[in-house]
Amino acid sequence: MKAYTGLIAFYWVKIILLMYIGFQLQPTHWPGHLLMILTIIGPVMLLFSVPLFTPDRYRKWVSPALLFLTTFWMYAHLLYYRFYEDFMTLTILLQIGNVGGLSRSTWELFSPWDLLLFLDIFVVGWVLFKKETFQLPPKKWYLGVASLLTITMLAAGLLYKPYVLKENYNRTQFVQTMSLFTYQLFDVGHSIRSPLFKWMSDPRDAEPMQAHVKEQEKEMTEWFGEAEGMNVVFIGLESVQNFVLDLEVDGQEVTPFLNKIKNESFYFSNLYEQTAQGKSSDAEFMIDTGLYPLDGGSVFVRRPDNAFHGLPEILGNYQSAVFHGNERSFWNRTEMYATLGYDRFFSERDYKVTEENSINYGLEDHHFFEQSIPKLKELDTPYLAKFITLTNHFPFLLHEEDQTFETDVTSEPVVNRYLSTVHYLDQSVETFMEKLQEQGMYENTMFILYGDHYGVSTEYEDGLFELLDQPETTFSHIKNQRVPVLIHIPGLQGEVFDEIAGQIDIRATVLHLLGKRSANYMSFSENLLTRKHDAFVTFRNGNYISESTMYVKGQCLDTEKGTPLSNQACEKGRSKARSELQLSDQVIKGDWLRYKE
Ligand code: GP9
Ligand code: MN
């Protein structure tokens, strides 16, 4: 009996350590800490009730097996968390095949210290085998205490964070408040429930969404229709964060080309990335549809059969194509591009890809652009073309001969390598634009360059704080989540927009420039060219930023100074973010766009 209590106490402490040291969860106030610590014990006790129901012969094996399986499961979450700063969802797990499986970059996430996680299994095995009999607690008493503890702590969690279930997309908050075990059960239930929603939807359900969009004013600007009839070229800048612009390292500019072209473009300097678990595909999705990514997994993978009104459909007579140097199944792009209405998709199989000209996920950017030009030339004009770059992807690798920007400016090698690959990408885009100019393919085109999401995750952010001389705060972290967006129309004067903005707003801005007035149907995108003084950015996890306040990582802060405010000051903003996300989820899960012909 003592040994059994010891086992449970031991496992409890292990998970607490894992939460604090492994996941580095940081509840903001003491009740949050208390809750996170105490909420684990009930589910752990319930887990270890399994041996009480196991026949004597097998009983010895059950506890070590439980320890091993649950440790392994928590470790999978940890690896995922290290890169994505999020907990895995069942949907994302089922998508691993679709996103091309585990890549080489996964190996970077392992640490030798991780072995410590599995050490206890040997300790427990040894204790169990040394003992002849393993006395178990009385069933009724044990189950009673375990259930009582679980229910009490869940109730306390709900009292402390009343929106924890509604904001279930904020998985970190969920795990902190309700434990990783409860999260896992909830997630399974959630994944089962979601297909039912579409089945039960009705055209009338979509009415509030239509009303929501009508509320958005369709203000005019002097630039309306400025790019009407022009070719449209999107360039997805893989993992480029805004801080690299105008940054000098060892006396050299990291992105000389982007720095130059931004002066001749509309440059949105205060624009935040809003992607979730679908990363690159989420950025593409927001640009094409003006809807938020899903709460779990990638919409590209989960909803390719939905009706969406993508840019190709809106642009009508344009020929549309996507160019990408990775395998076509990654993020389920083939299927989703067809749904969004793209005519062509040039992927790895359409390029000459060799050992020498590829690295990490696929074709190196320089070769990618070079080989793409003849394909672009083949398209009928006007065209809508989207280029998705690849080389500046974690873990940021380059062949020796492409290395023109080697630096050890920070003590974090990942950050140093990032600067090199960003520089490489910058050069590749420059060469591409020069070649287009040489071939007369530049003048009549609107270029949209956008960073898709962060490249330096929290795991390596110390190096970033060091590089940018920032204090290690949530406020600095959130500022680092800005990505560059540049809209370049040859011959048009540049302008900097420093109002708060989000990636979701790219769509309406582009449509405005193309002179498409009423095309923003059922979308959350807002035109960035009409300067707003009530600008608002909703993040997929329920956080938000407004002109005056921001809610991030459980804290309410002043947007200007980053100083803490009472949570009350963020209530209105949080509720606005919640309702936007809820509405967007309903449009996608209910497949409401199918109601519009
Ligand atoms: C893969 C590329 C990278 O083809 O788009 O995807 P990411 O990991 O950035 O979502
Ligand atoms: Mn990406």
Side-chain angles (χ1 to χ4, degrees), residues 8-47 74 77-78 81 85-87 144-187 190 295 458 471-478 539-546 549-559 561-578 581:
I8 289 165
F10 180 71
Y11 201 45
W12 179 30
V13 173
K14 170 177 165 170
I15 301 176
I16 293 170
L17 292 177
L18 185 66
M19 292 296 139
Y20 279 103
I21 301 169
F23 291 99
Q24 299 188 358
L25 298 185
Q26 297 157 339
T28 39
H29 301 97
W30 69 264
H33 286 280
L34 203 63
L35 206 59
M36 185 163 92
I37 292 168
L38 295 179
T39 197
I40 302 166
I41 183 73
V44 166
M45 283 182 75
L46 286 176
L47 178 77
M74 289 191 291
H77 272 296
L78 182 62
Y81 199 89
E85 292 165 48
D86 197 356
F87 289 88
V145 175
S147 315
L148 193 72
L149 274 173
T150 307
I151 294 167
T152 315
M153 289 320 296
L154 291 184
L158 280 173
L159 273 178
Y160 183 59
K161 296 266 175 191
Y163 293 111
V164 70
L165 295 179
K166 217 168 187 182
E167 295 175 348
N168 58 72
Y169 39 76
N170 186 344
R171 287 173 277 272
T172 305
Q173 172 177 276
F174 199 113
V175 170
Q176 274 176 196
T177 322
M178 313 292 264
S179 91
L180 187 57
F181 293 84
T182 316
Y183 160 72
Q184 196 63 66
L185 286 179
F186 184 89
D187 181 50
H190 190 62
D295 49 353
T458 322
E472 298 186 15
T473 58
T474 302
F475 189 60
S476 310
H477 168 78
I478 212 75
F539 295 102
R540 184 55 260 197
N541 58 5
N543 288 345
Y544 79 88
I545 300 189
S546 77
T549 61
M550 60 162 88
Y551 186 78
V552 276
K553 295 201 171 175
Q555 298 171 54
C556 184
L557 304 175
D558 179 289
T559 303
K561 304 189 216 82
T563 43
L565 299 171
S566 77
N567 272 3
Q568 194 57 33
C570 282
E571 267 318 304
K572 228 172 105 196
R574 286 183 71 193
S575 139
K576 180 177 157 89
R578 235 184 342 259
L581 292 170

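Nothing here was measured: the structure is a model prediction, and the numbers come from that model.
- For Arg574 and Tyr163, the positive end is not near the middle of the six-membered ring at less than 6.0 Å and at most 45° from its axis.
- Note that CD1 of Ile8 and CE of Met45 are 5.5 Å apart. Values are rounded to the nearest 0.5 Å.
- Taking both residues in full, the closest heavy atoms of Gln176 and Thr39 are given as O-CG2, 4.2 Å, listed atom of the first, atom of the second, then distance.
- Taking 4.5 Å as the limit, some side-chain heavy atom of Trp12 sits within range of a side-chain heavy atom of Ile37.
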Could you go step by step and tell me if His190 and Tyr169 meet the ring pair (Phe, Tyr, Trp, His ring centres under 6.0 Å) rule? CA-CA 11 Å; His190 190 62; Tyr169 39 76; 9.2 Å; no
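- Residues Ile545 and Phe539 share a closest heavy-atom pair of CG1-CE1, 3.5 Å.
- Remark: aromatic rings of Tyr160 and His29 are distant, center separation not under 6.0 Å.
- None of Phe181, Phe87, Phe174 except one satisfies the ring pair (Phe, Tyr, Trp, His ring centres under 6.0 Å) rule with Phe186; the exception is Phe174.
- With contacts defined as side-chain heavy-atom distances shorter than 4.5 Å, the pair Thr150/Leu46 qualifies.
- Atom CD of Gln555 sits about 9.0 Å away from atom OG1 of Thr473, to the nearest 0.5 Å.
- Closest approach of Leu25 and Tyr81 over heavy atoms only: CD2-OH, 3.6 Å.
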Checking Met550 against Asn543 for the side chain to side chain contact (heavy atoms under 4.5 Å, CB included) test, could you report, in this order, the C-alpha distance in whole Å, the side-chain angles of both residues, the deciding distance, and whether it holds? CA-CA 8 Å; Met550 60 162 88; Asn543 288 345; over 6 Å; no
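- Tested against Arg171, the residues Asp295, Asn541, Asp86, Asp187 include a single side chain to side chain donor-acceptor pair (under 3.5 Å) partner, Asp86.
- If you take OG1 on Thr177 and CD on Glu167, they are separated by 10.0 Å, rounding to the nearest 0.5 Å.
- Atom CG of Leu165 sits about 9.0 Å away from atom CG of Leu154, to the nearest 0.5 Å.
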Apply the test side chain to side chain contact (heavy atoms under 4.5 Å, CB included) to residues Met19 and Val175: give CA-CA distance (whole Å), side-chain angles for both, the deciding distance (0.1 Å), then the verdict. CA-CA 9 Å; Met19 292 296 139; Val175 170; 4.0 Å; yes
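- The two atoms that bring Gly554 and Asn567 nearest to each other are O-OD1, 4.3 Å, heavy atoms only.
- A 4.5 Å side-chain heavy-atom check between Leu180 and Ile40 finds every atom pair outside the cut-off.
- When every heavy atom of Leu557 is checked against every heavy atom of Pro564, the shortest pair comes out as CD2-CA, 3.8 Å.
- With rounding to the nearest 0.5 Å, the separation of CG in Leu158 from CE in Met178 is 4.0 Å.
- One distance of note links OH of Tyr11 with CD1 of Ile41; it measures 12.0 Å at 0.5 Å rounding.
- Ring geometry, His77 versus Tyr183: the interplanar angle exceeds 60°, so the pair is classed perpendicular (tilted spans 30 to 60°).
- Residues Phe475 and Val552 form no side-chain contact, since every pair of their non-hydrogen atoms from C-beta on lies 4.5 Å or further apart.
- Here the side chains of Cys570 and Leu565 are not in contact, with every heavy-atom distance at 4.5 Å or above.
- Taking every heavy atom of both residues into account, Gly32 and Pro27 meet most closely at C-CB, 3.5 Å.
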